[in-house]
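Here's the structure, in structure tokens; my notes come after.
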Amino acid sequence: MPTTTFRRPDWRAPSVLPGFGLTFGFTLAWLTLIVLIPLATIFLRSAGMGWHEFVAVGFSHRALAAYRLSFGTAAAAGLVNALFGLLVAWVLVRYSFPGKRVVSALVDLPFALPTAVAGIALTAIYAPTGWIGQYLEPLGIKVAFTPIGITIALVFIGLPFVVRSVEPVLADLGHDVEEAAATLGANRVQTFSQVIFPAIAPALVTGFALAFARGVGEYGSVIFISGNMPGKTEIAPLLIVTQLEQYAYAGATAIATVMMLVSFVILFGLNTWQAVRRRRLGA
Amino acid sequence: MSRQHSTSEGRAARLGLIALALLFLGFFLVLPLLAVFSEALKQGLGAFIDAVKNPDALAAIRLTLLIAAISVPLNMVFGVAASWAITKFRFPGRNLLVTLIDLPFSVSPVVSGLIFVLLFGANGYLGPWLAAHGVKIIFAVPGIVLATVFITFPFVARELIPLMMEQGKDDEEAAISLGANGWQTFWHVTLPNIRWGLLYGVLLCNARAMGEFGAVSVVSGHIRGETNTMPLHVEILYNEYDFVGAFAVASLLAALALVTLVVKSLLEWRFDLHSGAKH
């Protein structure tokens, strides 16, 4: 027998620090138990269903309408947030005004406020008798219980994703490039559209994608304001809940699988795109 | 001042942009917040206090505190352990591990609840076995805890990993070479270095644990006084048209959110924590 004892697994770099076995083992075990095994059950159930049944329940007319609504409103809200999130980030980074710190802290409100609370508050505001709804009603604009209401809820939920993605990039952007542009005769609009915007566009896309992914799966803030009419204002997460309440496990599983695959594809695509960009910029 | 003009906007444009941003935030963030408190106090302070002191509301508050008291420490321990393994050692698959830890963020809350129903529900993989042994997970407190732990899984780890990565491992290596053992190194060297980042992560984790709605709604069964957390109780009261009651409980959650934001901002201003896009 060799006299040396291999106390360190040779697949990791050597370190004098202790605790790798304990912390790595615990991390892997807890991750597997809480996240990986439960998530795998969705795919296991879907796989056990057979292709025809999966398509029948996962792509039924009602399910397709729900996807269209969820993806459509999430995209609309993402665009609104891309525009106004950029504006908010710009104002917070570039200008100073009284109460700026409070405003900056407030941007994270949607992360901190429970979604159900946001949902009933927005419904109260935009209902036909609400603070804003009462002025929109005579104009013939219905917000609550329509896709517009859903979009407003998703704008609320998604805003911090865009602001917090764009803010650090905008802050890191040196003044020298803008000075160079100005020296070369560019006016402010040209400098923004041709120098600043290209530099922050990737962060804006990231923020949009994060807000979109969150919006597609959002439930608590939407169900109160949406009205929940099947085929019209029924979002995909609500359809999952409805199916579950009717013990239609196959339907719930198939719809959940479709939604999970879509959001994984979005986030995977985003990560790959960022990695490629980093490599290209680094080279 | 032509230089000023060329790299910044004119005064009018500046004020206009600030006004537009504040108007947007006012409509989308401030107004909902005001609406919660205004609706809660619509029929006076007495009605508000009665609504909060309702036995079902108190049971919901107790359950929410219990759920947070179980799930936040679990995720705190996990977050510290995972960050230690990931930042103090180099091994293949490290980035994959970070991605997997973040996975719950990309899953819809409703789906996060569904997976536990598929696993432990009456119709689930382990359902029949659990029923035969008299263990109730779905429509009971353990299910709510599981769903909450899943939803808040990445919060502490994703705050600590960038922070500990930046701090490196020189301090710990020095402590070990001076004869400290692993626990001493962690308690006296690592923990003081990361305590504010840890508090930050725990704060966000707690806010989400107490406020989670979708995932908990799927696994709870909505049994009044038993498996109703505060957000679920808000929904039930709202659907029963008890708006003062719903907004009274909601205002407690909104107050929690405000406290969370204040403490979070204080931590950010006082300590230069790693900041970036956060969930």
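Residue numbering restarts at 1 for every chain, and letters A, B, ... go by the order of the sequence lines.
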Pick from A:Ala213, A:Gly19, A:Ala40: which one has the most heavy-atom pairs with chain B under 4.5 Å?
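The residue among A:Ala213, A:Gly19, A:Ala40 with the greatest pair count is A:Gly19.
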So which of A:Leu39, A:Leu106, A:Leu267, A:Leu22 has the largest heavy-atom pair count under 4.5 angstrom toward chain B?
A:Leu39
Nearest-0.5 Å distance that lies between atom CD in B:Glu9 and atom OH in A:Tyr95
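Answer rounded to 0.5 Å: 3.5 Å.
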Given that the side chain runs from C-beta out, which part of [X] has a heavy atom under 4.5 Å from chain B: side chain, backbone, both or neither?
{"X": "A:Ile266", "result": "neither"}
{"X": "A:Ile255", "result": "neither"}
{"X": "A:Phe192", "result": "neither"}
{"X": "A:Leu92", "result": "neither"}
{"X": "A:Trp131", "result": "side chain"}
{"X": "A:Thr253", "result": "both"}
{"X": "A:Ala118", "result": "neither"}
{"X": "A:Asn81", "result": "side chain"}

Run the numbers on B:Phe28 and A:Ile152 for side chain to side chain contact (heavy atoms under 4.5 Å, CB included), then give the verdict.
CA-CA 8 Å; B:Phe28 278 90; A:Ile152 286 180; 3.8 Å; yes
Looking at [options], which one has more heavy-atom pairs under 4.5 Å with chain A than the rest?
{"options": "B:Ile176, B:Val262, B:Val36, B:Leu253", "answer": "B:Leu253"}
{"options": "B:Thr260, B:Leu25, B:Leu146", "answer": "B:Leu25"}
{"options": "B:Val218, B:Leu256, B:Leu33", "answer": "B:Leu33"}

Looking only at heavy atoms, which two atoms of [X] and [Y] are closest? And how far apart?
{"X": "A:Val117", "Y": "B:Ala254", "result": "CG1-CB, 4.5 Å"}
{"X": "B:Ser106", "Y": "A:Ser263", "result": "O-OG, 3.2 Å"}
{"X": "B:Phe150", "Y": "A:Val35", "result": "CE1-CA, 3.9 Å"}
{"X": "B:Leu29", "Y": "A:Leu109", "result": "O-CD2, 3.6 Å"}
{"X": "B:Ile18", "Y": "A:Phe97", "result": "CD1-CD2, 3.9 Å"}
{"X": "B:Gly182", "Y": "A:Pro18", "result": "CA-CG, 3.5 Å"}

Would B:Phe24 and A:Leu87 count as a side chain to side chain contact (heavy atoms under 4.5 Å, CB included) here? Give the steps.
CA-CA 10 Å; B:Phe24 176 81; A:Leu87 172 70; 5.5 Å; no
Apply side chain to side chain contact (heavy atoms under 4.5 Å, CB included) to B:Leu114 and A:Leu244, showing your working.
CA-CA 8 Å; B:Leu114 172 68; A:Leu244 261 183; 3.7 Å; yes
Parallel, tilted or perpendicular: which fits the ring planes of A:Phe224 and B:Phe213, with parallel below 30° and perpendicular above 60°?
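Geometry flag for B:Phe213 against A:Phe224: tilted rings.
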Under a 4.5 Å heavy-atom cut-off, does chain A meet the side chain of B:Tyr238, its backbone, both or neither?
side chain
Assess A:Arg45 against B:Tyr125: is NZ or CZ under 6.0 Å from the centre of the six-membered ring, and within 45 degrees of the ring's axis?
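The answer is yes, since A:Arg45 meets both limits relative to B:Tyr125.
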Side chain to side chain contact (heavy atoms under 4.5 Å, CB included) assessment of A:Leu28 paired with B:Leu97
CA-CA 8 Å; A:Leu28 213 56; B:Leu97 192 57; 4.0 Å; yes
